[in-house]
Amino acid sequence: MSKYETIIVGGGPAGLSGAIHLAWHDRKVLVIDRKTGPLFFTLEKLYNVPGMPATRGVELQKKLKEQAENLGAAVIRGNVVSAHGQEGEFLLQGEKGEEWLGQTILLATGIARYHPTVDGDYRPCFAYAGKGNMFYCPDCEAPEIRDKDTIVIGSGSADGAAGMAIGLSRYTNKMRVLLTESRDLSQKRAEQLQSRGIQVVEGKIQNLIGKKGILSGLELEDGTQLTADAFFVSSPVRGRTDLAQQLGVEMAKTGNHAQPKSQRGDTNVPGVWIAGDLRPMTQQVSVAMGTGNIAAIMIDQTLRKQEVLSSR
Ligand SMILES: Cc1cc2nc3c(=O)[nH]c(=O)nc-3n(C[C@H](O)[C@H](O)[C@H](O)COP(=O)(O)OP(=O)(O)OC[C@H]3O[C@@H](n4cnc5c(N)ncnc54)[C@H](O)[C@@H]3O)c2cc1C
C-alpha cells in the first residue's frame with residue numbers, strides 16, 4: 001500500500017485549497033471525498049468570494065478540483081469511516097473496505113445542515129436549496145433578500161428562528177416567521193418580533209410550491225398557502241466530527257453540538273489538522289479556502305522540519 005505525505009478527508013473548498021498548496025510543494029497528497037458538500041449542488045451565484053464575483057458553487061468546486069489535480073494531487077471518491085494511528089503512520093478505512101496510509105491528516109469534512117421537513121421528509125428541499133431563493137447562511141446570503149418578501153422557516157428552535165428573522169430585518173421589512181418544529185418562543189423574542197411587525201405563523205410544511213429551483217410558496221398541513229419571494233432556513237448545524245473524535249481531537253461544545261476546539265487548524269493530536277466549516281467559526285467559502293491553505297502551510301512546514309531534522 002502506498003503511503004501519502006498527507007491525506008485530506010473532504011474535497012470541498014477547504015480540502016481542495018489545502019491540496020493545492022501541498023501539491024504545489026510536491027507533496028504526495030490524496031483527497032478523499034464523498035461529494036456531499038454544498039457547492040456540488042449550489043447553482044445560485046456566490047457574490048462574496050473574493051476575486052470570483054458571481055461565480056456558481058458548482059463552477060468553483062470544479063475549478064478547485066482541476067487546479068489540485070493539475071498540480072499533482074490525487075482526488076478520489078470515497079467515504080472514510082475510520083481513522084486511527086499516530087503521526088507518521090495514520091490508517092484510514094473506507095466504507096468499501098479500502099485502506100489508505102498517511103503521514104499526516106487534514107480533516108475538512110464540513111458540517112451537516114438540517115433541512116426543513118416536507119410531509120416528514122427533508123429531501124424535497126434539495127430541489128431548492130442553493131438553487132435560487134432558498135437560503136441557509138446569513139453571513140453568506142443575507143443581502144440576497146434585500147427588500148424581498150421573506151419567510152424565515154424555523155426548523156429548529158423557535159428563538160433561533162426569531163433571532164434570525166430579527167437579524168435579517170435590516171435587509172427587508174417584509175418578513176414572516178414560520179415555526180415548523182419548536183413553537184416555544186421566549187417572551188423577549190416574541191416582543192422583538194412584534195415591535196418589528198414580523199408575523200409568526202405555526203405549522204408543518206406539507207408541500208413545496210415552485211419550479212426550476214425557484215420556490216414560490218409553502219403549503220401547510222392545514223391547507224394554508226404562504227407565498228413569498230425569498231425563504232431563509234433556520235436550522236441546527238452539526239460538525240462532521242466523527243473522524244476527528246476517533247483520532248482524539250479535543251472538542252469544545254458550541255451551542256448544542258461539539259466542534260473541534262482549534263481555531264488555527266492545528267490540533268492537540270500531532271499530525272492532524274482541521275480546516276473549513278469543521279472549525280469552530282462561521283461557514284463561508286473564502287474562510288474554508290483560507291483555513292485549508294493555512295493548515296496546508298503548517299503541514300508542509302512540519303514535514304519540512306522533520307526532513308531537516310532527519311537529514312545528515
Ligand atoms: C445552500 C448554501 C449556500 C451557500 N452559499 C454560500 C455563499 O453564497 N457564499 C459563501 O461564502 N458560502 C456559502 N455557503 C457556505 C459554503 O458552501 C461552505 O462554507 C463551504 O462549502 C465549506 O467548505 P468545506 O470545504 O469546509 O466543507 P464542504 O464544502 O461541506 O465540503 C466537505 C466535503 O467533505 C466530504 N466529507 C465529509 N465527511 C467525509 C468522509 N467521512 N469521507 C469522505 N468525504 C467526506 C463531504 O462529502 C463534502 O464534499 C453556502 C452553503 C449552503 C449550504
Side-chain angles (χ1 to χ4, degrees), residues 7-20 30-61 64-65 68 75-83 92-96 98 100 105-115 125-145 213 215 231-233 235 237-247 259-260 265 273-293 295-296:
I7 299 180
I8 300 176
V9 187
L16 290 173
S17 299
I20 287 168
L30 172 70
V31 181
I32 309 168
D33 185 44
R34 64 184 183 209
K35 292 195 173 187
T36 58
L39 295 194
F40 286 100
F41 311 99
T42 304
L43 299 179
E44 70 189 26
K45 290 177 178 168
L46 278 52
Y47 294 98
N48 63 337
V49 184
M52 286 177 266
T55 187
R56 288 177 202 280
V58 282
E59 287 159 12
L60 182 60
Q61 181 71 41
L64 290 170
K65 179 172 180 270
V75 184
I76 61 166
R77 190 171 192 154
N79 183 20
V80 181
V81 291
S82 85
L92 303 189
Q93 288 171 314
E95 68 174 352
K96 293 182 182 154
E98 315 96 304
W100 301 281
I105 291 184
L106 172 55
L107 297 173
T109 44
I111 52 165
R113 282 169 198 272
Y114 292 87
H115 296 277
C125 291
F126 292 170
Y128 300 99
K131 304 288 183 290
N133 63 345
M134 188 176 185
F135 305 113
Y136 287 72
C137 165
D139 288 332
C140 316
E141 301 166 303
E144 302 229 29
I145 64 161
L215 187 60
F231 299 82
F232 233 108
V233 175
S235 64
V237 295
R238 182 182 59 77
R240 295 202 191 96
T241 56
D242 43 345
L243 299 176
Q245 299 206 43
Q246 285 176 25
L247 287 161
Q259 272 190 306
W273 281 262
I274 57 167
D277 280 3
L278 184 62
R279 294 168 70 253
M281 59 187 303
T282 193
Q283 295 98 36
Q284 281 219 331
V285 167
S286 55
V287 176
M289 295 197 299
T291 56
N293 190 251

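Counting begins at 1 with the first residue of the sequence. Atom set for the values below is all heavy atoms of this structure, side chains included, hydrogens, waters and symmetry mates excluded. Just follow the structure's listing: the first ligand is 1, and inside any ligand the first atom is 1.
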Taking only heavy atoms of Val285, which atoms of ligand 1 are found under 4.0 Å from at least one of them? 10 (C), 11 (O), 12 (N), 16 (C), 19 (O)
Show, in sequence, the C-alpha distance, side-chain angles and deciding distance for Asn133 and Glu44, and conclude whether the side-chain contact (heavy atoms from CB on, under 4.5 Å) test is met. CA-CA 8 Å; Asn133 63 345; Glu44 70 189 26; over 6 Å; no
Counting only heavy atoms, tell me which of Gly12, Gly37, Pro13 gets closest to atom 21 (O) of ligand 1. Pro13
Give me the nearest non-hydrogen protein atom to atom 47 (O) of ligand 1 as residue plus atom name, then the distance to 0.1 Å. Thr36 OG1, 2.5 Å
Just which atoms of ligand 1 are under 4.0 Å from any heavy atom in Ile32? 43 (C), 44 (N)
Closest protein heavy atom to atom 41 (N) of ligand 1, given as residue, atom name and distance to 0.1 Å: Val80 O, 2.9 Å
If you have a sec, work out which protein heavy atom is nearest atom 37 (C) of ligand 1 and how many Å separate them, to one decimal? Thr109 O, 3.2 Å
Per-atom contacts, ligand 1 versus Ala108 - under 4.0 Å to a heavy atom: 32 (C), 33 (C), 34 (O)
Determine, counting only non-hydrogen atoms of the protein, whether one lies under 4.0 angstrom from atom 50 (C) of ligand 1. no
With only distance considered, is Arg34 within less than 3.5 Å of ligand 1 through an N or O on each side? yes
Please determine if Lys45 has a nitrogen or oxygen closer than 3.5 Å to a nitrogen or oxygen of ligand 1. no
Side-chain contact, heavy-atom cut-off 4.5 Å: Tyr136 with Cys125? yes
Tell me whether ligand 1 is touched by Tyr47 - counting only heavy atoms on the residue side and a distance under 4.0 Å. no
Under 4.0 Å from any heavy atom of Gly276, which atoms of ligand 1 are there? 26 (O)
Does Gln284, backbone or side chain, put an N or O under 3.5 Å from an N or O of ligand 1? yes
Among Leu278, Asn48, Val287, Leu60, closest by heavy atom to atom 9 (N) of ligand 1 is Asn48
Say whether Ala129, considering both its backbone and side-chain N or O atoms, lies within less than 3.5 Å of an N or O atom on ligand 1. no
Among all protein non-hydrogen atoms, which one is nearest to atom 18 (C) of ligand 1, and what is the separation to 0.1 Å? Asp277 OD2, 3.3 Å
Checking the side chain of Arg113 only, and the main-chain atoms of Val237 only, is there a donor and an acceptor separated by less than 3.5 Å? no
Closest protein heavy atom (residue, atom, distance) for atom 14 (N) of ligand 1: Cys140 SG, 3.8 Å
In ligand 1, the atoms that come under 4.0 Å of a heavy atom of Gly130 are 1 (C)
Can you confirm whether Val233 sits close enough to Met134 that some side-chain heavy atom of one is under 4.5 Å from a side-chain heavy atom of the other? yes
Can you tell me which residue and heavy atom of the protein come closest to atom 34 (O) of ligand 1, and the distance to 0.1 Å? Gly10 CA, 3.1 Å
Hey, which of Thr109, Leu107, Leu243 is the one that makes side-chain contact (heavy atoms from CB on, under 4.5 Å) with Ile274? Leu107
In terms of atom number and element, which parts of ligand 1 are under 4.0 angstrom from non-hydrogen atoms of Leu243? 41 (N)
Going by heavy atoms, is Val49 under 4.0 Å from ligand 1? no
Please list, in number order, the atoms of ligand 1 under 4.0 Å from a heavy atom of Val9. 40 (C), 42 (N), 43 (C)
Would you say Gln61's side chain and Phe41's backbone share a donor-acceptor pair under 3.5 angstrom? no
Identify the closest protein heavy atom to atom 30 (O) of ligand 1: which residue and atom is it, and at what distance? Pro38 CD, 3.2 Å
If you count the atoms of ligand 1 from 1 in the order shown, which ones are under 4.0 Å from a heavy atom of Gly110? 27 (O), 30 (O)
Heavy-atom nearest option to atom 2 (C) of ligand 1, drawn from Glu144, Glu141, Met289: Glu141
If you measure only the distance, is there a donor-acceptor pair under 3.5 Å linking the side chains of Asn79 and Glu95? yes
Give the residue, atom name and distance (to 0.1 Å) of the protein heavy atom nearest atom 43 (C) of ligand 1. Gly78 O, 3.2 Å
Is any N or O atom of Ala14, backbone or side chain, closer than 3.5 Å to an N or O atom of ligand 1? yes
